[in-house]
Amino acid sequence: MKTIKPVELSNRLQKNEEVFILDVRAEEKYNHYHIKEQHIHSVNIEKTHIFNENDSEAISSLPKDKEIIITCTTGNSARKCAEILAKKDYSVTLLEGGITAWKEYKDTK
């Protein structure tokens, strides 16, 4: 599975690269803190919608023509979601360390 470090994602965002970020945490956690930069912010679809593969509306809303960078709190749930989506032919990349690592990286900048 492809992975990306917070510093690499930050560099891509600073270069205004188009990225699609999927945050699979609970809505309350997402609303408290999520990835957002000038030109991009993440989309929230809770992991249960992806784990329940019969919830085709949630999954079909994701772009098949773009890389999807998936995150959760630490990376474990995102990894499971990425595995499910990869089997459905989505291009997925896991944010190493999840939002915890992202926030730690951003707090040091």
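These numbers come from a predicted model, not from an experiment.
- Counting non-hydrogen atoms of other residues, nucleotides and ligands closer than 6.0 Å to CD of Gln14 gives a total above 12.
- Within the 3.5 Å criterion, the main-chain N or O of Val7 finds a donor-acceptor partner in the side chain of Asn11.
- Remark: Lys64 NZ is packed, more than 12 non-hydrogen atoms of other residues, nucleotides or ligands lying under 6.0 Å away.
- The CZ atom of Arg25 sits 5.5 Å away from atom OG1 of Thr73, with the distance rounded to the nearest 0.5 Å.
- Panel note: side chain His34, backbone Tyr30; a donor-acceptor pair is recorded below 3.5 Å.
- Using bins of under 30°, 30° to 60° and over 60° for the plane-to-plane angle, the ring pair Tyr105/Trp102 lands in the tilted bin.
- Side-chain heavy atoms closer than 4.5 Å link hydrophobic residues (I, L, V, M, F, W, Y) into clusters, and following such links, even through other members, never connects Leu13 to Val43.
- Listed here is the closest heavy atom pair of Ser60 and Tyr90: CA-OH, 4.0 Å.
- Heavy atoms of other residues, nucleotides or ligands lying less than 6.0 angstrom from NZ of Lys106 number more than 12.
- Among all heavy-atom pairs drawn from Ser42 and Asp23, the shortest one is OG-CB, 4.2 Å.
- In this structure, Met1 and Leu94 approach most closely via the heavy-atom pair SD-CB, 4.0 Å.
- Taking 4.5 Å as the limit, some side-chain heavy atom of Ser61 sits within range of a side-chain heavy atom of Ile45.
- The distance from the CD1 atom of Ile4 to the CG atom of Leu9 is 5.0 Å, given to the nearest 0.5 Å.
- The backbone N or O of Ile99 lies less than 3.5 Å from a partner atom in the side chain of Thr71, making a donor-acceptor pair.
- When all heavy atoms of Val24 and Cys72 are compared, the pair lying nearest together is CG2-CB, 3.7 Å.
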Subject >> Audit row: Ile35, Leu95, side-chain contact (heavy atoms from CB on, under 4.5 Å) steps and yes/no >> reply: CA-CA 11 Å; Ile35 296 172; Leu95 178 61; 3.9 Å; yes
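- The distance from atom OG of Ser91 to atom CD of Glu67, rounded to the nearest 0.5 Å, is 5.5 Å.
- Atom CG of residue Asn44 and atom CG of residue Asn31 lie 7.0 Å apart, to the nearest 0.5 angstrom.
- How far NZ of Lys47 is from CG of Asn52: 14.0 Å, rounded to the nearest 0.5 Å.
- Here the side chain of Glu46 pairs a donor or acceptor atom with the backbone of Glu27 at under 3.5 angstrom.
- Annotation for Ala78 and Ile70: closest pair CB-CG2, 3.5 Å, computed over non-hydrogen atoms.
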Subject >> side chain to side chain donor-acceptor pair (under 3.5 Å) between Glu96 and Thr3, worked out >> reply: CA-CA 6 Å; Glu96 291 182 12; Thr3 62; 2.8 Å; yes
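- In this structure, the side chains of Arg12 and Glu18 stay at 4.5 Å or more apart for every pair of heavy atoms.
- Considering all non-hydrogen atoms of both residues, Leu85 and Leu22 come closest at CD1-CD2, 4.0 Å.
- Atom CD of Glu17 has more than 12 heavy atoms from other residues, nucleotides or ligands within 6.0 Å.
- Residues Phe20 and Leu62 meet the side-chain proximity criterion, which asks for heavy atoms closer than 4.5 Å.
- Remark: Lys2 NZ to Ile69 CD1 distance equals 8.5 Å, nearest 0.5 Å.
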